[in-house]
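Report on one structure; see the data block that follows.
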Amino acid sequence: MHDRGTPLSLLSRNTDMELNMERYNHRETEARWQQVWAERETFRAEEDPSRAKYYVLEMFPYPSGRIHMGHVRNYTMGDVVARYKAARGFNVLHPMGWDAFGMPAENAAMENNVHPAAWTYENIDTMRTQLKSMGLSLDWSREFATCDPEYYQQEQSMFLDFLEAGLVYRKNSKVNWDPVDHTVLANEQVIDGRGWRSGALVEQRELTQWFFKISEYSDDLLTALEGLDQWPDKVRLMQRNWIGRSEGVRMRFELADQPDFVADKDLELFTTRHDTLFGASFCAMSIEHPLSAQLAAEDTALQAFIEDCRKVGTSQEDIERAEKKGYDTGLKARHPFNRDLLLPVFVANFVLMDYGTGAIFGCPAHDQRDLDFARKYKLNVLPVVVPADENVADFVIGEEAYVGEGLLANSGFLDGLDVETAKDQAAQRLELTDLFGAPQGERTVNYRLRDWGVSRQRYWGCPIPVVHCKKCGVVPVPKSDLPVKLPEDVSFDQPGNPLQRHPSWKHVSCPTCGADAERETDTFDTFVDSSWYFARFCSPRSADPVDRAAVDYWLPVDQYIGGVEHAILHLLYSRFFMRAMHRTGHVAIDEPFEGMFTQGMVNHETYRAKAGNWLSPAEVSIVDEAGARKAVSLLNSEPVQIGSIEKMSKSRRNTIDPTDILETYGADTARWFMLSDSPPERDVIWTEAGVEGAHRFVQRIWRLVTESIAHLPADAGWETLLGNVSDASLDLRKASHKALKEVGNDIDNLRFNRAVARIYELTNALAAFMPANNATDLMPADKAALAEACSILVHLVGPMMPHLGEECWEKLGLDGILADQPWPTFDPALLVEDTVTIAVQINGKRRDELTISRQSSKEEVEAAALQLDNVVRALGSMQVRKVIVVPERIVNVVAT
RNA sequence: GCGGAUGUGGCGGAACUGGUAGACGCGCCAGACUCAAAAUCUGGUUUCCGUAAGGAAGUGUGGGUUCGAUUCCCUCCAUCCGCACCA
C-alpha cells in the first residue's frame, strides 16, 4: 500500500506522551504546510503528454471585496477533486483567476471616488490572501484577472477573428434608458419601472449594438447536449428549453382594410398550432413590429398605447407578467381557409418581437394567453380540438384553455383528425395555396434562442476593438495595434459612459484611410470574459489567445463546478465560444466542459430586532431558554426575533465572514463542515453548532493518531504481518478497506457528504479498536492492522482536510508529504461477507430478520424464513399464498 | 407568466436498479471522569400505546400501479433558482 514500503519507525517519532497529547494547533500547522506546498511547488501543473491529464475548475470569482461562504464551499469541493485525482495519478490542472470587469467597480468609483482598477486590484489582493489561507491545491502561477490588458488584448484579438469569420454583426436593439441620469440601465437597476438612482421612469431606447451569432449554432448546441452525459440532467433540460426548438409553420395572412399609407399586403407570422387555425379569432403583433410603428405614426392613441407598454421594462419576466393588453388597429386579416372570415388585428403587449416574426394568430380555445386576451376584448372562442371522449356539441371552454390531445372539430377539412395529422394537413394546404405569388405558408423550425448582444455602454469592461470612420464605416483595429487599452484618466462624478465623454480617447485616425474617426465606446458584456478564461488557463502567458499544444492537452475541463444560477447563460455562452474558437482555429473541440456540477447555496438564519432592522449573526447571542432557542442582541440585550433561513446576503445581514471562521477554527474545520451533511448540489445551512462539531472532529482525528503511535509496530515491513490477525483486527481491516473503497467511489461521484459519513464510521471503528491506556499487549499482527487503519484514515482525510492530513502523516513518521502520495488500493478479498442479513416481511410488513449464508438457495431462504418464531407467531392461522424471495435482499410472505 | 428543481425524526441528512426508512453528524437525555466546569468517554434517542415482549402510525397533500413505493405515475401545496444588461 505504501509505495516505498515506508516504515512506521518509532525512532522518528516523539515518544513523549505529553507532547503527543497536545491539542492540534491549526494556526501554526496550516500556515506551515501552506508554505511547504508553495516551496515545493506541489501544485504546479505542466503539460506531460505521457500522463493522463485532469482539469478541475471552479467558477472563478468576481472580486467583490471579500470571499463569501459560497466561495468556500465551491473551492473546497473542487480542491477535494483536484487532490484526489492527483493522488489517483492524474496530471492535474487546477487554476484560479478573477472575473474582474463589471458594474460594482463603477458603482464603487461613483460612491467612494476610487478608480475601478484600484478598487478591483485591491479586492483581488484581499481575496487572494483569503483563498490562500484555505490551503487550496491551486497552481497560482497561472493566475490572471480578466481586466489585465494582457488578457483582454487576447479577447479583442479573438473578437477580430470572430468578426472575420462572420460570427459578429451589428443591429439595433433596445436598452433601458434613464432620462434623468442619461445612462443605460441594467435590468437589475430598473426597479418597478424606475431608475434605481434617479427614480425616473425608465424609457426604452434603440441603439446599434454588437451581436454574436450564437443562433447559428442553435441546432448544434441543442443536439450536442445529448453527449454531455456528465452534466446534471436538470441543466441539460434547462438549456434545451432555453434554446427552445419548435417545429411549426411560417405563414402569411392577407390584410384587408389597411389605410392608404400602409403598403403591406400581408402579415407574416409563426405558429406551432396551425392545426387550430379554424379556431383563430384575432391576429396580434408586437409593439415593436414595423407595421405597428407605421400605424402608430398616424395614430396618436396607438402611439400612447405603445408608450405605455414600454414602461414595464425590457425583461422577459416583466413583459410576461404584465396584464395582457391590446389595441385594435382596425386592420383585418383574412382567414387562410375561410376567405369570408376577417379577423381583427391587434397590437398587443404580450407578443415578443424577438420570437418568430413578431406576430401571431390567436386561438383562444387552445392557448391560455389568447383566451385571457379574448375574454378581455370579447372575442369569439371556438373549440377546434375536442378530447376523444367528449361530445363536440357539449364541449365548452370556460376559464381554462384546452391544450391537450383530441380530435379536430369545427375545422372544415380537418374535422375528425388527430392533432398531429391535422398539423400535417394544414401545413400541406398552406404550402399549396398561393398568396401574392408565393406559398401562403411553409414548414420551418424556429428557435427561442436569440443572438447574444455583447455591447455595454460602460467603462469597466473590455473595449470593443473597432473604429467608426465616416468614409470606411466600421473598421477593425489591426491586431498589431492591440490592445485597445482603457484610458486611466476617467471621472465618475457624473453618470454615463466615461469613455464617451473622455476628451481624447475616442478620437483616432481611421486605420484604413487615415481620416479622423472615432473609437467604439461600447465595451463587452462580462460574460464574454468568462466564456473562454478556462482556455486561457492552459497557457496564461501565451502571446496568442491560446497555445494550441496547451489547449490540445488540457481541454476540455474534466470537472467544472459552480453555482446553478449559471446553468444557462454562462454555460451556453462558453459552449458557443468553444465552437467559435474551433471555427477560427484556436481549438480543436466544441465542448468546453466534459463534466459539470452545480453546487447549492450557503444559507443562514436571519435575525431581526424589535425596531425591524436586521442584525448580523455576530451581533446576536443564541441562548437556550426552557428548551427553546432564543436570540438576544449583544448590542442592547434586547430580545431578537429569529427569522427564516435564507441565502446569505448583505441586505439580510445574515453573512458569515469566512476569515473569522478560518482564524477561529482553521481551514480544515471550515472545509470539513462545507463537505459534511448536506449533499453538494443542495443548499447548506451554516450553523455555529455545525462548525463546532466539525472542529471537534479535527481534534478527534489528531487525538486518535497521536494515541495510536504507542501501539504501532516498531519495525518496518509490517505489511507482511497482516495475513495473520485476530478477529478484532480483521474487523478493523475490513472497516478500513470498506471505507477506502466507498470514499473513493463517493469522491468520484462528488458525493462528499457520504464520503464524510464513511470517514466517521472508520474513525469510530478505529476508536473502538484502540487499546486502553498503557496497554501494550497488542500482537505484532494487530499492531500492523492498526498501522494500516491509521494510514488509510490519513489518506482519506487528506483531500478534505489537507493540513491535518500532512500533520498526521508526519506524526506517523511516514516519508515525504501526503500531497505527493498515491491513493492506496483496497483489497477486495476483505470486502466479501459470507453471510447476509435480510428482512422477512409478511404482507409487506417487516416481522423479523434472517442471517443466512450468502450461498443459500431460494428454497433454503424460504424455509428458514418460515421457521422464524416471529414469523410463525405473526402468521397465526393465516394461509400462506405466496412467498417472494429476492436473493440477498428480502423475503415477503403473502398470506391471508 | 414561462422554464427548472426541492420537500424524510427536534435539526442537517442516508437509503445501490422498486426490497429492513432514519446510516453518519448535530442537538438532547442518562451515566463515567472531575472539588466543579469544559473537554473526553459509555449508553440511549422517529412518534404514539405498552413495565416489557410487542403493536400501530410514519418520507409535504390526496389518489394510483405493485407481493412490496422515500423511490414509478397523476393531483394539489410550500419553498428555491433562471428568464437574455447582476455576476
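Chain letters run A, B, ... following the sequence lines, proteins first, then strands; residues in each count from 1.
Relative orientation of the A/Tyr533 and A/Tyr560 rings is tilted, given thresholds of 30° and 60° on the angle between their planes. Classification of the A/Trp702-A/Tyr24 ring pair by plane angle, with boundaries at 30° and 60°, yields tilted.
A gap of 32 Å separates the P atoms of B/rA87 and B/rG7, to the nearest Å. The separation of B/rG25 from B/rG31, taken at their C1' atoms, amounts to 22 Å, rounded to a whole angstrom. The same atom, C1', is picked in B/rC80 and in B/rG43; the two are 40 Å apart, to the nearest Å. B/rG13 and B/rC24 have their C1' atoms separated by 8 Å, given to the nearest Å.
In this structure, the CD atom of A/Gln599 is 15 Å from the C1' atom of B/rC80, given to the nearest Å. Across the protein-nucleic acid pair, A/Ile568 atom CD1 and B/rC2 atom P stand 16 Å apart, rounded to whole Å.
Taking a pair to require two hydrogen-bonding distances under 3.5 Å in either a Watson-Crick or a G-U wobble arrangement, B/rG1 pairs with B/rC83. Remark: B/rA69 base-pairs with no nucleotide in the shown strands. Criterion, Watson-Crick or G-U wobble with two distances under 3.5 Å. Look at B/rA23: it lacks any Watson-Crick or wobble partner with both distances under 3.5 angstrom. With a 3.5 Å ceiling on both atom-pair distances, the Watson-Crick or G-U wobble partner of B/rA32 is B/rU40. Applying the Watson-Crick and G-U wobble criteria (two distances, each under 3.5 Å), B/rU6 pairs with B/rA78. Base pairing analysis places B/rA57 opposite B/rU46; the two distances defining the Watson-Crick or G-U wobble pair are each below 3.5 Å.
In terms of phosphate contacts, A/Lys845 brings no side-chain nitrogen or oxygen within less than 4.0 Å of OP1 or OP2 of B/rU20. For A/Arg700, a side-chain nitrogen or oxygen approaches OP1 or OP2 of B/rC41 to under 4.0 Å.
Using a 4.5 Å heavy-atom threshold, the side chains of A/Asp367 and A/Arg273 count as separate.
Heavy-atom nearest nucleotides on RNA chain B were determined for A/Gln316 and for A/Pro104, and the one closer to the 5' end corresponds to A/Gln316.
Side chain of A/Arg456, nearest nucleotide from B/rA87, B/rC85, B/rU40: B/rC85. Across B/rC80, B/rA87, B/rG19, the shortest atom-to-atom separation from the side chain of A/Ile884 is found for B/rG19.
For A/Phe373 and A/Phe350, the gap between ring centers is short of 6.0 Å.
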